[in-house]
2 protein chains.
Amino acid sequence: MSSALHRKLQLYAPLSGADHGQLSNAMRQTRHVNARTDIAVEGDDPRTMYIILHGWAGRCRHLRDGRRQITSLLLPGDCCDPHVFLFHRRDHTITALTPVVIASIPGPAFKDLVAQSPVLESAFFYETMIAGSIQREVAVSLGRRSGLERLAHLLCELHTRQTAVALAEGQNCLMPLNQGDLADALGQTPVHINRMLQELRRLGLISLRQRHLTIHDADGLAELAHFDSTYLHALDTAQKGEN
Amino acid sequence: MSSALHRKLQLYAPLSGADHGQLSNAMRQTRHVNARTDIAVEGDDPRTMYIILHGWAGRCRHLRDGRRQITSLLLPGDCCDPHVFLFHRRDHTITALTPVVIASIPGPAFKDLVAQSPVLESAFFYETMIAGSIQREVAVSLGRRSGLERLAHLLCELHTRQTAVALAEGQNCLMPLNQGDLADALGQTPVHINRMLQELRRLGLISLRQRHLTIHDADGLAELAHFDSTYLHALDTAQKGEN
DNA sequence: CGGTGTTTTGAATTCCTTCAAATTATGTGG
DNA sequence: CCACATAATTTGAAGGAATTCAAAACACCG
């Protein structure tokens with residue numbers, strides 16, 4: 001039974017058949033979550049780690065006056081903090097942005113899992129490092145890219161990440177977020193997201209209909225976005241050399 | 001011999017005398033770096049981990065057209081990626097923002113260090129997790145806080161982080177960044193940083209002279225900034241309950 | 001004491017937001 | 001399968017936050 005996480009960890013380290021089996025076993029407990037529903041809430045005791053099997057979720061921080069920032073987007077195969085157990089208190093909320101299916105791994109079970117296999121342990125470690133790298137690139141986008149560049153950059157990233165876990169078909173992939181969620185991820189207003197989307201379409205770079213994205217001009221989009229996939233390391237499966 | 005890192009790791013886990021000794025031993029190789037000089041450059045083979053002993057550095061990403069984003073500020077006691085060894089290529093540059101003294105720990109030496117002591121290993125892990133948490137809060141600031149709020153928030157954070165490693169004296173601490181570097185950390189222009197600093201002073205919240213910061217009204221500053229120190233976990237030494 | 005870098009000021013412009021309304025999709029029960 | 005309610009997208013116009021450009025004032029260092 002191969003999930004997006006299996007495929008992704010395989011990109012990081014050569015998992016054995018036993019590793020895959022142990023991983024499947026640990027992930028056997030699953031749960032369906034409706035769209036716009038919290039999976040884990042700020043302040044919770046973070047005893048459990050979640051893995052996205054289907055659908056998209058977001059790591060969210062809320063300010064008291066209602067402003068929301070989605071600090072990261074979680075796609076199938078992504079882990080919600082493989083190592084949160086170290087903290088005694090969640091510092092952010094995980095919310096389902098579409099209908100989602102998650103696997104839950106209790107802290108002790110995860111510890112057992114990685115204790116049994118150094119390869120699996122380092123693969124999960126690599127996953128944590130990549131998440132950090134993506135998080136830094138978010139800061140670059142929010143801090144130094146214009147609205148148009150930001151949106152272009154996010155689309156490049158989402159396509160690359162989905163390609164890595166075999167969820168893209170050529171230049172097509174899912175982009176199920178509505179413009180409000182995109183706005184919260186990119187630090188802008190829905191109205192402006194709307195205008196930037198129209199601009200990307202007008203430039204002939206993308207199509208986005210019915211939650212499906214097609215990239216018509218990958219090079220043009222990447223150039224506009226200043227997208228350099230180095231920060232995605234092993235997730236950039238079209239990489240030139242080493243990850 | 002106690003460094004800021006010793007003090008910080010002690011906040012995360014109860015290090016033994018032997019742990020402190022091993023750590024000091026691993027950190028014995030030090031290097032002075034001039035201000036505005038790169039410590040480690042994007043594209044490098046990341047074989048070595050660095051620890052800031054004195055001075056401030058920044059993790060920087062550069063866009064081709066010269067824009068720069070400082071994704072994180074590295075203060076004394078901070079580690080430049082305790083686990084970069086997993087990647088084959090640095091995806092960002094570490095630059096000294098002031099004159100800096102760093103300790104260098106080669107990858108293998110670091111692996112030996114944490115292999116010998118589970119407590120030390122989990123303390124370094126905790127450090128990585130905190131860095132991630134801070135990185136997420138950067139996204140919140142850049143995405144959803146106004147210029148004034150961002151600056152206020154950063155000052156709250158820097159004061160808290162310095163307090164954690166005994167580098168603050170009451171409401172006073174260092175803030176050696178110039179307005180250009182602040183701008184690159186906060187995703188704004190130096191001119192605007194200047195105006196926001198004046199505004200914080202005018203509101204009677206802070207003084208900032210000769211690279212020394214004094215917070216006159218910590219509650220007022222925190223409220224303006226929407227600063228909630230939860231995300232700093234054990235670094236918030238004035239924390240109410242558990243980290 | 002003069003040169004260099006940093007901070008400050010002003011004015012014009014740009015990007016993005018805000019607010020409000022119209023239009024188009026989406027989903028549900030009859 | 002259509003009618004209706006609800007949510008999402010799109011449009012327009014006005015306002016605001018931050019940038020840009022340029023110059024002046026100030027600090028710092030040898």
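Proteins come first, then strands; the chains are lettered A, B, ... in the order of their sequence lines, and each starts at number 1. Remember, it's a predicted structure, so these values are computed and weren't measured experimentally.
Judged purely by atom type and a 3.5 angstrom limit, A/Asp217 uses its side chain to pair as donor or acceptor with the backbone of A/Gly220. Formation of a donor-acceptor pair under 3.5 Å by the A/His216 side chain with backbone atoms of A/Arg201 is not found in this model. Between the side chain of A/Lys8 and the backbone N or O of A/Val165 there is no donor-acceptor pair closer than 3.5 Å. Judged by distance alone, with hydrogens and angles left aside, the side-chain atoms of B/Glu149 form a donor-acceptor pair with the main-chain N or O of B/Ser146 at under 3.5 Å.
Within residues 61-70 of chain A, no residue approaches DNA chain C, by heavy-atom distance under 4.0 Å. Proximity of residues 136-154 of chain B to DNA chain C (heavy atom under 4.0 angstrom from any strand atom) is not detected for any residue. For DNA chain C, the residues of residues 191-209 of chain A within the heavy-atom distance limit of 4.0 Å (strictly under) are A/Val191, A/His192, A/Arg195, sorted by number.
Scanning DNA chain D 5' to 3' for nucleotides with an atom closer than 4.0 angstrom to a non-hydrogen atom of chain B gives a first and last hit of D/dA18 to D/dC28. Here the range on DNA chain C touched by chain A, meaning any atom under 4.0 Å from one of its heavy atoms, is C/dC16 to C/dT26.
At least one side-chain heavy atom of A/Leu158 sits less than 4.5 Å from a side-chain heavy atom of A/Leu75.
In this view, A/Arg150 satisfies the side-chain hydrogen bond (donor to acceptor under 3.5 Å, both in side chains) rule with no residue, not counting sequence neighbours. Legend: residues meeting side chain to side chain contact (heavy atoms under 4.5 Å, CB included) with A/Ala183, ordered by chain and number and at least two apart, are A/Pro190, A/Ile193, B/Arg144. Under the side chain to side chain contact (heavy atoms under 4.5 Å, CB included) criterion, A/Thr98 pairs with A/Trp56, A/Val100, A/Pro176, sequence neighbours left out. Qualifying side chain to side chain contact (heavy atoms under 4.5 Å, CB included) partners for A/Thr95, counting only residues two or more places apart in sequence or in other chains: A/Asp38, A/Cys60, A/Thr93. By the salt bridge (charged side-chain N to carboxylate O under 4.0 Å, His left out) test, B/Glu223 pairs with no residue at all, sequence neighbours left out. Legend: residues meeting side chain to side chain contact (heavy atoms under 4.5 Å, CB included) with A/Val140, ordered by chain and number and at least two apart, are A/Glu137, A/Arg145, B/Arg61, B/Leu63, B/Gln69, B/Thr71.
Smallest separation of non-hydrogen atoms from A/Gly147 and A/Gln188: CA-NE2, 3.3 Å.
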Study note, to complete from the structure: Under the rule of Watson-Crick or G-U wobble with both distances under 3.5 Å, where | means paired to another strand and [ ] a crossing pair, DNA chain D maps to ||||||||||||||..||||||||||||||
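Take the nearest nucleotide of DNA chain C for A/Pro190 and for A/Gln210: the residue whose nucleotide is more 5' is A/Pro190.
Note: A/His153 and A/Tyr231 meet the aromatic proximity criterion, with ring centroids under 6.0 Å apart.
No side-chain donor-acceptor contact under 3.5 Å links A/Arg89 and B/His233. Side-chain contact check for B/Asn172 and B/His212: no donor-acceptor pair (N or O, by modelled atom type) lies under 3.5 Å. Side-chain contact check for B/Ser133 and A/Asp91: at least one donor-acceptor pair (N or O, by modelled atom type) lies under 3.5 Å. In the model, A/Thr189 has no side-chain atom that pairs as donor or acceptor with a side-chain atom of A/His192 under 3.5 Å.
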